[in-house]
*Asks:* 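My questions will all concern the structure given below.
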Protein chains: 2
Amino acid sequence: MQGTEHAIDISELRQSCARCALLNLCLAAPIGAAELRRLDDIVKRRRPLARNEFLFREGSRHSSLYVIRSGAIKTSVLLPEGDCQVLGFHLPGEILGLDGVASERHQLSAEVLEESSVCEIPFDRLGEVAAQLPALQRQIYRIVSREFVREQEHPVMMGRKHAMTRLALFLHGFSERRSAHGLDPCSFELSMSRQDLANYLGLVIETVSRAFSRLQALGVIEVDRRHVIVRDRRALSDFARPDEPELRATA
Amino acid sequence: MQGTEHAIDISELRQSCARCALLNLCLAAPIGAAELRRLDDIVKRRRPLARNEFLFREGSRHSSLYVIRSGAIKTSVLLPEGDCQVLGFHLPGEILGLDGVASERHQLSAEVLEESSVCEIPFDRLGEVAAQLPALQRQIYRIVSREFVREQEHPVMMGRKHAMTRLALFLHGFSERRSAHGLDPCSFELSMSRQDLANYLGLVIETVSRAFSRLQALGVIEVDRRHVIVRDRRALSDFARPDEPELRATA
DNA sequence: CGAAATTTTGATTTTGTTCAATCCATGTGG
DNA sequence: CCACATGGATTGAACAAAATCAAAATTTCG
């Protein structure tokens, strides 16, 4: 409830796809300036979402895609016994809401990990606009494909037999994603809890904790609470290689 | 090289989306009979693919989507050290080739597990047709979303801590998918090797073998080579529940 | 039929999980 | 401002499960 309605309106007016820093990662990338306004018209810029808020919940009605503008969002799915499987941690430039198009209901939940803002794009209106802008249509497919490919990194990580490999792979990928956004790849804050990370990696929290400690003891990273500094980028990507028992034994 | 060119032509002429048994699972589902012909025109029906052939390979140029008409196809991605991660086993009605739209090159390989036939749909021509048929456009999104959601089952499986749970989850899902296609859900042939299955589940081959033996010893399934009979559907889905140590201990 | 490949089974080792205790950062209320 | 409670994270010890190593059995295929 901080900030008046009025203040929010002003900031919304200021925003437009044309001047968005994420433009080239986003749906709008290949569109001419003129046509961009048509897309701009249907995009709703939502007020910032606070930590622990849900962007959407499993089972709720689906009608929009969301592009993350800033922050970090966790997606997960409920399992029969009450617990859940974390499916991803999503960063700026990434798209959410593709689940749910098929069944008109979201198949997963999206929870905000740190204050985030997103652009909401009503799905049917996007379809209407895209029908008249072939370049936009193609870009939508491209983005969807990109997300599809990125999802595959998850099973690749979980397929590794050693906890260290999984964590190294995660940290390495996280670091890479930061690079791609022009952020420091060697020093960052993890916005998810150890519990979330463990769940994501298919491990228990203790094992993740030990893997962090181990990487730190080996001088690969420095970790303080949720802050991570990558000390030896090379060593990290060595550990991220498919399970070679030699590597992770002594050192 | 079996079958003459002529024979193949005849069988191709006979095929059309309109009389395809998979129509309702496929892109064409909600399209009127008249418009269906336009889609029909761009679909290439490929001659049956033999076991071990590749539908496409990682790195090769992408230009089409593929709908599996019959058979079974395995997708996988190469890992830095030379081995690979199996990402999925795909059955009739499912779509392949969405990887590769973003980068114009396939990001994964698709290998035929048993004689299969697929419809090939040139991607840009599909776009052209869909631009004029909103119902087709929507259906494409729906199918893509469906595949997207189905991919999530993989990390859910890999997230389980016990080998038995992963295998049970796989068998249960496989059985369900058969039901959906009107096939016997309780008796089937697995077309993938134990090695492929182990890789897919994030386990080694010996562990998978033992899990099979164990499920058989418990009377849940009967397994002979690659043929599986589900004896106790209920017990199977109990084992497929998130890791409850009690369940899989004795019995 | 015989060779090669795949799968199963057994014994052993390694790793991760579980259980339990401690630590530590944070926030509360006296 | 400082005990104190709280939740999250780390660490340790015992245990269980899967990986590894090795061998035997079975199937597949030439």
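Atoms considered below: every heavy atom in the structure, side chains included; atoms not considered: hydrogens, waters and symmetry mates. Values in this document were obtained by computation on a predicted structure and should not be read as measured data. Each chain gets a letter, A, B and so on, in the order its sequence line appears, and its residues count up from 1.
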*Asks:* Distance alone, cut at 3.5 Å: any donor-acceptor contact between the side chains of A:R160 and B:Q85?
*Replies:*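 Per modelled atom types, A:R160 and B:Q85 side chains form a pair under 3.5 Å.
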*Asks:* B:R226 near the nucleic acid: base, sugar-phosphate alone, or nothing, with a heavy-atom cut-off under 4.0 Å?
*Replies:*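 If one applies the 4.0 Å heavy-atom cut-off, B:R226 turns out to touch the sugar-phosphate alone, with no base involved.
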*Asks:* Tell me whether B:T207 contacts the main-chain N or O of B:I205 through its side chain, where contact means a donor paired with an acceptor under 3.5 Å.
*Replies:*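 Judged by distance alone, no pair lies under 3.5 Å.
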*Asks:* Around A:R57, counting heavy atoms of other residues, nucleotides and ligands shown, do more than 12 lie under 6.0 Å from its CZ?
*Replies:*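 Open: at most 12 neighbouring heavy atoms sit under 6.0 Å from CZ of A:R57.
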*Asks:* Counting only N and O atoms by type, is there a donor-acceptor contact under 3.5 Å from the side chain of B:S70 to the main-chain atoms of B:S116?
*Replies:*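 Absent.
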*Asks:* Report the distance from atom CG of A:L201 to atom C1' of C:dT17, rounded to the nearest whole Å.
*Replies:*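 Spelled out: CG on A:L201 to C1' on C:dT17 is 15 Å.
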*Asks:* Is it true that a side-chain atom of A:D99 and a backbone atom of A:Q107 form a donor plus acceptor pair closer than 3.5 Å?
*Replies:*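 Between the backbone of A:Q107 and the side chain of A:D99 there is a qualifying donor-acceptor contact (under 3.5 Å).
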*Asks:* Are B:Y200 and B:H154, when compared by the centres of their aromatic rings, separated by less than 6.0 Å?
*Replies:*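 They qualify: ring centres under 6.0 Å apart.
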*Asks:* Got a list of protein N/O to nucleotides 21-24 of chain D N/O distances below 3.5 Å?
*Replies:*
| unit_1 | atom_1 | unit_2 | atom_2 | d |
| --- | --- | --- | --- | --- |
| D:dC21 | N4 | B:E206 | OE2 | 3.1 |

*Asks:* For the pair A:F56 and A:Y66, evaluate ring pair (Phe, Tyr, Trp, His ring centres under 6.0 Å) and give the outcome as yes or no after the intermediate values.
*Replies:* CA-CA 10 Å; A:F56 52 78; A:Y66 303 90; 5.7 Å; yes
*Asks:* For the pair made of CD1 in A:I205 and P in D:dG12, what is the distance, rounded to whole Å?
*Replies:*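 Computing the A:I205:CD1 to D:dG12:P distance gives 17 Å.
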*Asks:* Generate the contact string for nucleotides 25-30 of chain D. Rules: B means base contact, S means sugar-phosphate contact only, - means no protein heavy atom under 4.0 Å.
*Replies:* --SS--
*Asks:* Grab the CZ-C1' distance between A:R166 and D:dA19 for me, whole Å please.
*Replies:*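 One finds 13 Å between C1' of D:dA19 and CZ of A:R166, rounded.
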*Asks:* Can B:H227 and B:S187 be counted as having a side-chain donor-acceptor contact under 3.5 angstrom?
*Replies:*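 Yes, side-chain donor-acceptor contact under 3.5 Å.
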*Asks:* D:dA18, OP1 or OP2 - any side-chain N/O from B:T207 closer than 4.0 Å?
*Replies:*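 No, outside the criterion.
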*Asks:* Just the rounded figure in Å: distance from P of D:dA17 to CZ of B:R160.
*Replies:*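 Rounded to whole Å, this separation is 17 Å.
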*Asks:* Apply the test side chain to side chain donor-acceptor pair (under 3.5 Å) to residues B:S76 and B:S109: give CA-CA distance (whole Å), side-chain angles for both, the deciding distance (0.1 Å), then the verdict.
*Replies:* CA-CA 5 Å; B:S76 63; B:S109 298; 5.0 Å; no
*Asks:* Roughly how many Å is it from CE in A:M164 to C1' in C:dT15, rounded to a whole number?
*Replies:*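 Spelled out: CE on A:M164 to C1' on C:dT15 is 13 Å.
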*Asks:* Just the rounded figure in Å: distance from C1' of C:dT6 to CZ of B:F212.
*Replies:*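 Going from B:F212 (CZ) to C:dT6 (C1'), I get 14 Å.
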*Asks:* Whole angstrom is fine here: how far is it from CZ in B:R214 over to C1' in C:dT7?
*Replies:*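 One finds 19 Å between C1' of C:dT7 and CZ of B:R214, rounded.
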*Asks:* Take the protein atom NZ of A:K161 and the nucleotide atom P of C:dG16, then report the distance between them rounded to whole Å.
*Replies:*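 Going from A:K161 (NZ) to C:dG16 (P), I get 12 Å.
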